[in-house]
Amino acid sequence: MAKNPVEVEVAIESLAVDGLGGGDHQDRPIWVRNALPGEVVSARIVKRRGGARYADGQLLGTAHPERIPSACQYFPRCGGCVLQHASGDYQLAHKQGALAASLKAQGVEAHCWRRPSSLVRLGYRTKARLGVRVVGGQVLVGFRESFSNRVAKLQSCQTLTPELSALIQPLKSLIGALSAPASIPQVELAQGDDARALMLRHLEPLNPEDLGLLTRFAREQDVQVILQSGGYDTLQALDMGQGVPAIKPLAYQLPEYGLSLLFQPDQFTQVNALMNRELIRTALAYLMPRRGEVIADLFCGIGNFSLPLARSGARVVGIEASERAIASSEDNAGRNGLAHRCHFKAQNLYTPMEGGEALERTAQAAFGAAPSALLLDPPRSGAGERLADWAKIPSVERVAYVSCNPETFAADARTLAACGYRLHEVGVYDMFPNTSHIETLGFFVR
């Protein structure tokens, strides 16, 4: 028989990078959701791991001055957000503090700090993976609960765009009507500027009646339905009886540069459209592309930074491990009339094959000149061991670095410092408000 959760009174002393309030109970650390420093909370312990305890908190007594009522009725049970109870200014200060601590730990000092940037706090998320679970005949669709694999009971989501949030209720009805609802473990949602897509993971084959229900759902909700029986290589467009089924790309605009970028629903894109535009705007303001100069966009994805750089007059070498992403980059360059200013290459940037000399040769072969600047937008693992090789290319004089992990950003900043670069300016961009995610843009000059 499961034990009832224990509730204890805890004084919160700190706020961790992951948004949990930190305190002590019986000489052991306890981490509490919905808690801010200086508060005393009733902590309901729901998980034990190692020597630590994890709990959901309920405020007792005086609240932190930056505590605000949550805009979401499902907080803190739903694990999609961890900072709904803190003001926007406090969240930004907390995230900047976490970045500053990471830089300090690596012995890196920023010459200047850019004011933290935040543009929208709710209704921004254009992509999400939602869990699905059937409990007592009821279908649940949502993010996981805090400290649990259980799916939160949601009717809507304030973080998703209104168009994606509006799919939750119809989705629950749809899945409940399928022949084997319990065989649907998750759905993924993606949205472009004017269309939505839904990727339905199914562990068992769908029968003709299921396919009919999905077809009706797609038409009524005006959403592209994509079936996924295994990994992403099994994605298949739902046959709507309108010719050979094919997955349709989504699109987003970058109006400042007169660009439209297509992407497949499963491909990586930034999920906050307004903040993505701000990142691009600031990165290009740092680099100030000179007409005809060569800039290397490493981890270029579908061309999110490459094409604005090219539109601004630069010649761009874009490198990315994913061949599908490179194909999208090339297609986007051609569609936007920039193929002559872009050279894309599929290459794993974490291998020795793509060091400094290889990058120089690629740029020389494409444009007859070595790169004078780098733009980096790596995954959470950071730029990797080749960073020093790229930074030491004699012609490179400035680096714009976009990061989703302050720890690997700080480690890479230390590498750049050892190569003779100064962190001229750095700032936090609130790509995921109300969550612990920290997006950073740093500008380094030799």
Side-chain angles (χ1 to χ4, degrees), residues 15-21 32-37 57 63-102 113-130 142-146 152 154 156-166 168 189-193 252 268-283 304 377 380 402-407 409 426-442:
L15 187 66
V17 174
D18 60 8
L20 300 179
V32 187
R33 284 178 59 88
N34 189 28
L36 295 173
H64 188 286
E66 294 296 330
R67 176 179 280 274
I68 62 172
S70 169
C72 176
Q73 62 179 309
Y74 307 110
F75 178 84
R77 176 173 290 274
C78 173
C81 297
V82 294
L83 291 169
Q84 285 274 2
H85 59 309
S87 72
D89 287 344
Y90 184 80
Q91 291 185 39
L92 291 174
H94 171 65
K95 293 179 180 184
Q96 179 169 300
L99 174 60
S102 294
W113 281 87
R114 190 177 184 89
R115 183 178 179 180
S117 180
S118 181
L119 298 175
V120 60
R121 306 219 59 78
L122 298 171
Y124 62 85
R125 188 164 179 169
T126 59
K127 277 194 167 187
R129 178 183 295 169
L130 303 179
F143 294 102
R144 304 291 175 179
E145 292 185 359
S146 58
L154 306 183
S156 61
C157 176
Q158 297 267 15
T159 297
L160 297 178
T161 64
E163 295 83 2
L164 292 185
S165 177
I168 292 178
L189 306 176
Q191 181 177 340
D193 285 348
Y252 65 90
F268 172 80
T269 56
Q270 297 286 13
V271 304
N272 187 328
L274 290 178
M275 191 55 66
N276 181 51
R277 294 176 186 175
E278 180 69 10
L279 269 179
I280 294 170
R281 185 182 306 120
T282 309
N304 186 59
D377 186 9
R380 290 190 59 81
V402 179
S403 169
C404 59
N405 184 339
E407 293 185 357
F409 173 82
V426 67
V428 167
Y429 291 75
D430 214 7
M431 186 67 70
F432 285 82
N434 303 314
T435 77
S436 60
H437 180 101
I438 301 174
E439 194 83 7
T440 300
L441 173 56

Q: Minimum heavy-atom separation for Pro37 and His64, please, with both atom names.
A: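 Heavy-atom minimum between the residues: O-CD2, 3.0 Å.
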Q: Any non-hydrogen side-chain atom of Gln91 less than 4.5 Å from a side-chain atom of Glu66?
A: no
Q: Looking only at atom types and distance, does a side-chain atom of Thr282 sit under 3.5 Å from a main-chain N or O of Leu279, one as donor and one as acceptor?
A: no
Q: Does the side chain of Asn304 come within less than 4.5 Å of Thr269's, by heavy atoms?
A: no
Q: Can you tell me how far the CG atom of Asn434 sits from the OG atom of Ser70, to the nearest 0.5 Å?
A: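 The CG atom of Asn434 sits 7.5 Å away from the OG atom of Ser70.
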Q: Arg33 versus Phe75: any side-chain heavy-atom pair under 4.5 Å?
A: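 Touching, per the 4.5 Å side-chain cut-off.
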Q: Can you tell me if Gln84 uses its side chain to pair, donor with acceptor, with the backbone of Pro76 under 3.5 Å?
A: no
Q: Whether the Asn34 and Arg67 side chains hold a donor-acceptor pair (N or O, under 3.5 Å, no angle test) is what I'd like checked.
A: yes
Q: Less than 4.5 Å apart, any side-chain heavy atom of Val428 and any of Ser117?
A: no
Q: Can you name the one residue among Glu278, Arg114, Glu439 that meets side chain to side chain donor-acceptor pair (under 3.5 Å) with Tyr429?
A: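 Answer after filtering Glu278, Arg114, Glu439: Arg114.
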Q: Would a distance-only check, ignoring hydrogens and angles, find a side-chain to backbone donor-acceptor pair under 3.5 Å from Asp430 to Ser118?
A: no
Q: Apply side chain to side chain contact (heavy atoms under 4.5 Å, CB included) to the pair Val402 and Thr440, showing each step before the final yes or no.
A: CA-CA 6 Å; Val402 179; Thr440 300; over 6 Å; no
Q: Which pair of non-hydrogen atoms, one from Pro406 and one from Ser403, has the smallest distance, and what is that distance?
A: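 Where Pro406 meets Ser403 most closely, the heavy atoms are N-OG, 4.5 Å.
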Q: For Glu145, what residues pass the salt bridge (charged side-chain N to carboxylate O under 4.0 Å, His left out) criterion, not counting sequence neighbours?
A: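 Applying salt bridge (charged side-chain N to carboxylate O under 4.0 Å, His left out) to Glu145 gives Arg77, Arg150.
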Q: Check whether any side-chain heavy atom of Ile68 lies under 4.5 Å from a side-chain heavy atom of His85, and answer yes or no.
A: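 A side-chain contact under 4.5 Å is absent here.
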Q: Mind listing the closest non-hydrogen atom pair of Phe143 and Cys157 along with its distance?
A: CE1-SG, 3.8 Å
Q: What are the two closest non-hydrogen atoms of Pro433 and Lys95, and how far apart are they?
A: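 Looks like CA-NZ, 4.4 Å.
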Q: Once rounded to the nearest 0.5 Å, what's the spacing between atom CD of Gln270 and atom CD1 of Ile280?
A: 8.5 Å
Q: Between atom CZ of Phe432 and atom SG of Cys404, what is the distance when rounded to the nearest 0.5 Å?
A: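 The distance works out to 9.0 Å.
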Q: Where do Gly123 and Pro162 come nearest, in terms of heavy atoms and distance?
A: O-CD, 4.0 Å
Q: Got a second to check how far Arg125's CZ is from Cys81's SG, nearest 0.5 Å?
A: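 Result: 8.5 Å between the selected atoms.
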Q: Within this structure, what is the CG-NE2 distance for the pair Leu83 and His437, rounded to the nearest 0.5 Å?
A: 13.0 Å
Q: Whether the side chain of Tyr124 engages the backbone of Met275 through a donor-acceptor N/O pair (distance < 3.5 Å, no angle test) should be reported.
A: no
Q: Donor-acceptor pair, distance only, cut-off 3.5 Å: does the side chain of Asp18 make one with the backbone of Ser436?
A: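 Judged by distance alone, no pair lies under 3.5 Å.
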Q: Should Ile438 and Asn405 count as side-chain neighbours, where that means a heavy-atom distance under 4.5 Å?
A: no
Q: Looking only at atom types and distance, does a side-chain atom of Thr126 sit under 3.5 Å from a main-chain N or O of Val271, one as donor and one as acceptor?
A: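 Side chain of Thr126 to backbone of Val271: a pair is present.
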Q: Please examine the side chains of Leu274 and Arg277, heavy atoms only from C-beta on, and report whether any two atoms are closer than 4.5 Å.
A: yes
Q: What is the minimum heavy-atom distance between Leu441 and Ala283, and which atoms define it?
A: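 Shortest heavy-atom contact: CD2-N, 3.7 Å.
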Q: Once rounded to the nearest 0.5 Å, what's the spacing between atom CG of Leu15 and atom NE2 of His94?
A: 4.0 Å
Q: Quick check: does any side chain N or O of Gln191 sit under 3.5 Å from a backbone N or O of Lys127, one acting as donor and the other as acceptor?
A: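 Here the side-chain-to-backbone pair does not exist.
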